[in-house]
Amino acid sequence: MRKTLAVAAAISVCTLTTAPAEAATLTTKGTGWNLTSRLGVTSLSPSRSYTVTFATAAMKARYTPYLTAAVDQAKAVGVKLALGGVETVNPAKCGPVGHVQITEMYRPLRKPGYSQGMPCPHPPKGVGIGGIAAIDSEYFDGSYRIDTYVVRNTVVHEMLHALGLDHPNVDLDKDGVVENFECVATSYGNKPIMCDPNGGYRTTVDMGKLTGFDLNGLKALLANARVQGVR
Ligand SMILES: [Ca+2]
Ligand SMILES: [Zn+2]
């Protein structure tokens, strides 16, 4: 068995003399989705457990209902994602491997109404190890008027950033500028929840749910891991 594998490996090396296998085979963007390859994240391990944790019990209580539907959708496409408990979150430092940490900050991007999420950059083999989402505390202190569906979609959007999805905005109108909200949409006008600065469904029933575009992004993260032989 071992000998057979060695021979197969030798053959594949002979046929790939010019480019590394990974560069040739990973897919990092598609219609309505884009992976965070600029921070070195191209995959999610299909076998690793990813756990969403919260900086305080109050945040866990607030955000768990916001995230439940999206977490279930991610699980359904094969991401071993679960909602967890409370732990200390240092926004300047990545937490334990596999943790997606949610906290609140006042204007984390120094812009009114903007939240921030990012994966821990440059994990080994580009396989995501989780990240941090800082939700703008202005949404809840009454100082910033924001629609409920935008808050709900934004919290999910930031969680997905931490898992390795980037903005899928593209220059659809060919004016040379990739603009805010310039994202593909379904025939019903629904843009990816990952659209910058926000997207997703607007109805009470569907707000906070991933669109098919976003699910394709998660599937691509898992598919890249399989291509790399990562379990
Ligand atoms: Ca444009
Ligand atoms: Zn974003």
Side-chain angles (χ1 to χ4, degrees), residues 28-42 44 50 52 59 63 66-67 69-71 73-74 79 81 89 91-92 94 100-123 128-140 144 146-185 189-202 206-218 220-221:
T28 60
K29 63 173 78 167
T31 302
W33 59 272
N34 185 22
L35 309 185
T36 318
S37 39
R38 65 195 170 90
L39 293 177
V41 179
T42 53
L44 278 177
Y50 294 92
V52 183
M59 291 182 208
Y63 296 118
Y66 289 16
L67 296 170
V71 167
Q73 287 180 289
V79 181
L81 183 63
V89 175
C94 278
V100 172
Q101 300 182 309
I102 311 272
T103 189
E104 289 175 5
M105 292 175 70
Y106 176 74
R107 298 184 183 175
L109 288 173
R110 295 187 172 77
K111 283 196 282 189
Y114 274 75
S115 295
Q116 181 179 26
M118 65 178 290
C120 297
H122 306 291
I129 56 171
I132 296 179
I135 309 301
D136 184 10
S137 58
E138 290 179 295
Y139 305 159
F140 306 102
Y144 187 84
I146 186 167
D147 286 312
T148 301
Y149 73 85
V150 178
V151 175
R152 296 285 294 261
N153 288 332
T154 296
V155 173
V156 173
H157 173 119
E158 305 306 343
M159 175 182 75
L160 293 179
H161 271 319
L163 284 169
L165 293 187
D166 206 343
H167 300 136
N169 298 49
V170 283
D171 187 16
L172 295 172
D173 62 6
K174 306 284 184 202
D175 68 348
V177 185
V178 177
E179 285 137 302
N180 279 355
F181 301 106
E182 197 170 9
C183 297
V184 293
N190 295 307
K191 295 177 182 179
I193 206 165
M194 291 314 293
C195 191
D196 183 25
N198 58 70
Y201 299 108
R202 298 173 176 219
D206 286 330
M207 59 189 184
K209 289 183 186 165
L210 310 194
T211 69
F213 302 119
D214 308 297
L215 290 169
N216 284 341
L218 290 179
L221 285 164

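Both ligands and their constituent atoms are indexed starting at 1 by order of listing. None of these values were measured; they are calculated from a predicted model.
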Problem set entry | Distance below 3.0 Å from the Ca ion (ligand 1): protein N/O/S atoms |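 Per the 3.0 Å query on the Ca ion (ligand 1), atoms found are Asp171 OD1, Asp173 OD1, Asp175 OD1, Val177 O, Glu179 OE1, Glu182 OE1, Glu182 OE2.
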Problem set entry | Arg202 atom CZ, neighbour heavy-atom count above 12 within 6.0 Å |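 No, the 6.0 Å shell around CZ holds no more than 12 heavy atoms from other groups.
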Problem set entry | Check: Tyr63/Glu104 side-chain N/O donor and acceptor closer than 3.5 Å |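 Side chains of Tyr63 and Glu104: pair found under 3.5 Å.
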For this session: Could you verify whether a donor N or O on one side chain and an acceptor N or O on the other, from Thr154 and Tyr114, lie under 3.5 Å apart?
Result: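 Absent: no donor and acceptor within the cut-off.
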Problem set entry | Any Leu67 side-chain heavy atom under 4.5 Å of Met159 side chain |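 A side-chain contact under 4.5 Å exists here.
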Exercise. Does the pair Asp171/Lys174 count as a salt bridge with the N-to-O cut at 4.0 Å?
Worked result: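 Salt bridge absent between Asp171 and Lys174.
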For this session: Please determine which of Thr36, Leu44, Thr28 meets the side-chain contact (heavy atoms from CB on, under 4.5 Å) test together with Leu221.
Result: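 Result for side-chain contact (heavy atoms from CB on, under 4.5 Å) with Leu221: Leu44.
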Problem set entry | Where Lys29 and Asn34 come nearest, the two heavy atoms and their spacing |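 Answer, listing the atom of Lys29 first, then Asn34: CB-OD1, 3.6 Å.
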For this session: Measure from the Zn ion (ligand 2) to every N/O/S atom of His167 and report the name of the nearest one.
Result: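 Looking only at N, O and S atoms of His167, the one nearest the Zn ion (ligand 2) is named NE2.
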Problem set entry | For the Zn ion (ligand 2), the closest N/O/S atom belonging to His161 |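 This turns out to be NE2.
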